Amino acid sequence: CRTPDFAATMITSLPNLLTLSRIVAIPALIAGFYLDSITGNWIAFGIFAFAGITDFFDGWLARVRNEQSALGQFLDPVADKLLIASVLMLLVAFQRVTDLSILAAIVILCREIMVSGLREFLAEIRVGMPVSNLAKWKTTVQILALGFLLTGVAGDILLPVGWTETIGIILLWVAAALTIYTGYDYLRLGLQHMTDENS
């Protein structure tokens, strides 16, 4: 039987603390939006960039330090989805993602909800759902897209006027396309196990 001390150690392990930091960063990122200034844009971008870096290092450190845990496996996708969903909603609310591009945001959000449901179902029948290499690329493109869009007009300091928004929107559509493809793969896997369970 695992003791409360063991549970506390798991929560305070460095990989899990990095994962938790992504959740804690969300209110600060939201505050950056409401500053409504170039400084606010850079603050929001900086927080998001930090969160993206922790997304890589928490998994890597867990493997290197042999600190992989059920808590970490639960927290990691939850932190990712909360962060991505929050940023997408803010970008739409502040009209940095508009018109048809809102459809790309909806596709990404719907896929995240679907995959969460599939993971919950597969967990109940003790079947893992490994992350594919293409899904990792999707995540990378998605983070880059949101990063460009987060800079807003502040990005015009570094690139020609309007380029950051254009690049961000293009990458958002690429991420949406990869989202549909990888989402179909996960759905097919889930349906296969559902069929096996009912046979």
Side-chain angles (χ1 to χ4, degrees), residues 14-61 72 74-113 115-116 131 135-180 182-183:
L14 182 56
N16 286 341
L17 286 175
L18 286 175
T19 303
L20 287 168
S21 73
R22 290 207 295 285
I23 298 174
V24 174
I26 293 172
L29 194 154
I30 293 171
F33 266 84
Y34 282 95
L35 289 176
D36 196 25
S37 64
I38 289 178
T39 301
N41 289 357
W42 284 121
I43 289 173
F45 171 78
I47 293 169
F48 184 74
F50 167 78
I53 292 169
T54 66
D55 189 24
F56 168 77
F57 278 106
D58 59 1
W60 179 76
L61 284 170
F74 163 74
L75 283 176
D76 187 58
V78 169
D80 292 345
K81 287 169 176 52
L82 288 174
L83 181 67
I84 296 300
S86 298
V87 172
L88 282 172
M89 291 181 70
L90 285 166
L91 289 171
V92 171
F94 282 78
Q95 297 185 332
R96 296 188 200 173
V97 174
T98 59
D99 302 325
L100 283 177
S101 297
I102 294 175
L103 294 177
I106 291 172
V107 165
I108 292 170
L109 280 176
C110 287
R111 185 264 192 190
E112 298 299 344
I113 293 169
V115 169
S116 294
V131 178
K136 292 178 182 177
W137 276 106
K138 183 273 302 179
T139 301
T140 301
V141 173
Q142 192 171 268
I143 289 172
L144 287 172
L146 298 182
F148 274 102
L149 292 170
L150 278 170
T151 59
V153 294
D156 294 339
I157 297 171
L158 302 176
L159 295 173
V161 174
W163 275 37
T164 51
E165 180 183 351
T166 301
I167 293 170
I169 292 297
I170 291 171
L171 289 175
L172 190 68
W173 278 108
V174 172
L178 291 173
T179 287
I180 292 172
T182 57

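Every heavy atom of this structure was used, including side-chain atoms; hydrogens, water molecules and symmetry mates were not. Residue numbers count from 1 along this sequence. None of the values given here were measured: they were computed from a predicted structure.
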Practice task
Could you tell me whether the side chain of Thr139 reaches within less than 4.5 Å of the side chain of Asp55, counting heavy atoms only?
Solution key: yes
Problem - Min side-chain heavy-atom separation Asn41-Leu35 under 4.5 Å - result: no
List the atom of [X], the atom of [Y], and the distance in Å for their closest heavy-atom pair.
| X | Y | value |
| --- | --- | --- |
| Ile23 | Ala79 | CG1-CB, 3.7 Å |
| Phe48 | Ile143 | CE2-O, 3.4 Å |
| Ser21 | Thr54 | OG-CG2, 3.9 Å |
| Thr164 | Leu159 | CG2-CD1, 3.7 Å |
| Leu29 | Ile47 | N-CD1, 3.8 Å |
| Ala105 | Val92 | CB-CG2, 4.4 Å |

Separation between [atom1] of [X] and [atom2] of [Y], rounded to the nearest 0.5 Å:
| X | Y | atom1 | atom2 | result |
| --- | --- | --- | --- | --- |
| Gln142 | Arg111 | CD | CZ | 7.5 Å |
| Met89 | Ile30 | CE | CD1 | 9.5 Å |
| Ile102 | Leu88 | CD1 | CG | 11.0 Å |
| Trp137 | Thr140 | CH2 | OG1 | 6.5 Å |
| Leu146 | Phe45 | CG | CZ | 11.0 Å |

Handout entry: Passing option when Leu149 is tested against Leu90, Leu91, Val87, Ile167 for side chain to side chain contact (heavy atoms under 4.5 Å, CB included)
Key =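 The residue from Leu90, Leu91, Val87, Ile167 that satisfies side chain to side chain contact (heavy atoms under 4.5 Å, CB included) with Leu149 turns out to be Leu91.
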Practice task
Would you sort out whether Asp76 and Arg22 count as a side chain to side chain contact (heavy atoms under 4.5 Å, CB included), showing the intermediate values?
Solution key: CA-CA 9 Å; Asp76 187 58; Arg22 290 207 295 285; 2.7 Å; yes
Using distance only, find each side-chain donor-acceptor pair of residues 168-179 under 3.5 Å and give its atom names and separation, not counting sequence neighbours.
residue : atom : partner : partner atom : Å
Trp173  : NE1  : Ser101  : OG           : 3.4
Thr179  : OG1  : Ala175  : O            : 2.8

Handout entry: Aromatic plane relationship, Tyr34 with Phe94 - under 30° parallel, 30 to 60° tilted, over 60° perpendicular
Key =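 Correct class here is perpendicular.
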